[in-house]
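The basis for the numbers below is simple: all heavy atoms, side chains too, and nothing from hydrogens, waters or symmetry mates.
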Amino acid sequence: MKRFAHVPISDLDRYDGLDCEYSTGKRRYIVEHDGKTDYYPSVTTILSNDPVKQKSLAAWRTRVGVEEANKISKRAAGRGEILHKICEDYLNNKEEYLSPRHDANAMFFDLKTKLDEKVEYVVSQEVALVSHTLRIAGRVDLIANWDGHLAVIDFKQSNRPKKIEWVGDYFKQISAYTAMVYEMTDTLIQHGVIMIAVDGASPQIFEFNPWDHIKDLCADIYRYEDSLA
């Protein structure tokens, strides 16, 4: 078992106790700022507020049936949550990091080879991030030195391989975390990594510059804000 060094960035964890609320039906983070309480939408809330995606999801639910769609979504969400926890525990050097759920373990072992090969040290995991400029917040999966580059890394899982045109939201999600890290700490990260564990297939790794997607992220933020007006 590889042992990972941990080299934190100063003050990156200042919002680690951030709470969420769901009064609008969507996740918002409760942020104290300039002596008042603000409610910032999560990054995933922003990205899911796309009429085209919502229409596509509704069509899929109709096609497979509501009951079957709920079952598939619940299984995927549970497996994804467990996979994230396994990765977190492994990178935190815990001896007991595997789960009783075998499908999540199998997906983790697909990612483990890459983590062992590429991650030189860990900066932070599951830390809450905030941008007062963009008025958004979220929790990043992993910030680490990846193959010599400081990188924002996100874990995903899928039942089948993804085409690059299907993962635009993943690029924007990492772009948001990168912008928040820069605003909070003046640390400029120019490398993003998406690690997708694929059921029954080799994992997919996408590497890119997060700043290439900041304009698309801002467009989604504006669309979300307009939807509230």
Novice: Hey, does Thr178 have a side-chain heavy atom less than 4.5 Å from the side chain of Tyr182?
Specialist: no
Novice: Can you tell if the side chain of Met107 reaches within under 4.5 Å of the side chain of Asp199, non-hydrogen atoms only?
Specialist: yes
Novice: Please find the pair of heavy atoms, one from Asp13 and one from Val127, that lie closest to each other, and give the distance.
Specialist: CA-CG2, 3.8 Å
Novice: Working to the nearest 0.5 angstrom, can you tell me the gap between Thr44 OG1 and Asp169 CG?
Specialist: 10.0 Å
Novice: Would you sort out whether Val130 and His33 count as a side-chain contact (heavy atoms from CB on, under 4.5 Å), showing the intermediate values?
Specialist: CA-CA 10 Å; Val130 168; His33 179 56; over 6 Å; no
Novice: Donor-acceptor check, side chain of Thr185 to backbone of Val181, threshold 3.5 angstrom: yes or no?
Specialist: yes
Novice: How close do Ala179 and Leu134 get, counting heavy atoms only, and between which atoms?
Specialist: CB-CD1, 4.2 Å
Novice: Does the side chain to side chain donor-acceptor pair (under 3.5 Å) test come out yes or no for His191 and Glu207, once each step is laid out?
Specialist: CA-CA 7 Å; His191 204 72; Glu207 300 187 46; 2.7 Å; yes
Novice: Test Ile153 against Met195 for side-chain contact (heavy atoms from CB on, under 4.5 Å), laying out the working first.
Specialist: CA-CA 7 Å; Ile153 302 164; Met195 304 186 72; 4.1 Å; yes
Novice: Please determine if Arg139 and Glu126 form a salt bridge, counting it only when a charged side-chain N lies under 4.0 Å from a carboxylate O.
Specialist: no
Novice: Taking atom OG of Ser23 and atom OH of Tyr39, what is their separation to the nearest 0.5 Å?
Specialist: 7.5 Å
Novice: Roughly how far, to the nearest 0.5 Å, is the OG atom of Ser227 from the OH atom of Tyr222?
Specialist: 15.0 Å
Novice: Looking at Pro41 and Arg135, what are the two nearest heavy atoms and their distance?
Specialist: CD-O, 3.3 Å
Novice: Just do the salt bridge (Lys or Arg N to Asp or Glu O under 4.0 Å) check on Glu95 and Arg3 with the steps written out, would you?
Specialist: CA-CA 10 Å; Glu95 296 292 337; Arg3 308 295 294 185; 3.3 Å; yes
Novice: Looking only at the side chains, is there a donor atom on one of Ser131 and Thr133 sitting less than 3.5 Å from an acceptor on the other?
Specialist: no
Novice: Taking CD in Glu96 as the centre, count heavy atoms belonging to other residues, nucleotides or ligands within less than 6.0 Å. Is the count above 12?
Specialist: no
Novice: Below 4.0 angstrom, N of the basic side chain to O of the carboxylate: do Asp216 and Lys172 qualify?
Specialist: no
Novice: List the atom of Ala137, the atom of Met180, and the distance in Å for their closest heavy-atom pair.
Specialist: CA-SD, 3.9 Å
Novice: Measure centre to centre between the rings of Tyr15 and Tyr29, then say whether the value is under 6.0 Å.
Specialist: no
Novice: What I want to find out is whether Asp103 reaches Arg101 closely enough, with some N-O distance under 4.0 Å, to be called a salt bridge.
Specialist: yes
Novice: On the 0 to 90° scale, with breaks at 30° and 60°, tag the Phe4-Tyr90 ring pair as parallel, tilted or perpendicular.
Specialist: perpendicular
Novice: When you check the gap from the basic side-chain N to the acidic O, do Arg223 and Asp226 get nearer than 4.0 Å?
Specialist: no
Novice: Mark yes when over 12 heavy atoms from residues, nucleotides or ligands other than Glu225 sit less than 6.0 Å from its CD; otherwise mark no.
Specialist: yes
Novice: If you apply the rule side chain to side chain donor-acceptor pair (under 3.5 Å), what do you find for Gln125 with Asp141, and how did you get there?
Specialist: CA-CA 5 Å; Gln125 292 194 86; Asp141 286 351; over 6 Å; no
Novice: Test side chain to side chain donor-acceptor pair (under 3.5 Å) on Tyr40 and His132 and set out the steps.
Specialist: CA-CA 9 Å; Tyr40 290 176; His132 300 302; 3.0 Å; yes
Novice: Using side-chain hydrogen bond (donor to acceptor under 3.5 Å, both in side chains) as the criterion, list what pairs up with Gln173, not counting sequence neighbours.
Specialist: Lys156, Tyr177
Novice: Please determine whether a side-chain nitrogen of the Lys or Arg among Arg14 and Glu183 lies less than 4.0 Å from a carboxylate oxygen of the Asp or Glu.
Specialist: no
Novice: Tell me the closest heavy-atom pair linking Gly148 and Asn145, and the distance in Å.
Specialist: N-OD1, 3.1 Å
Novice: From Ile174 CD1 over to Asn209 CG, what is the distance, rounded to the nearest 0.5 angstrom?
Specialist: 11.5 Å
Novice: Could you pull out the closest heavy-atom pair between Val193 and Ile205, with the gap in Å?
Specialist: CG1-CG2, 3.9 Å
Novice: Does the salt bridge (Lys or Arg N to Asp or Glu O under 4.0 Å) test come out yes or no for Asp116 and Lys2, once each step is laid out?
Specialist: CA-CA 7 Å; Asp116 288 347; Lys2 181 175 178 177; 5.6 Å; no
Novice: Begin from the C-alpha positions of Val119 and Asp147 and carry the test side-chain contact (heavy atoms from CB on, under 4.5 Å) through to its verdict.
Specialist: CA-CA 6 Å; Val119 174; Asp147 202 22; over 6 Å; no
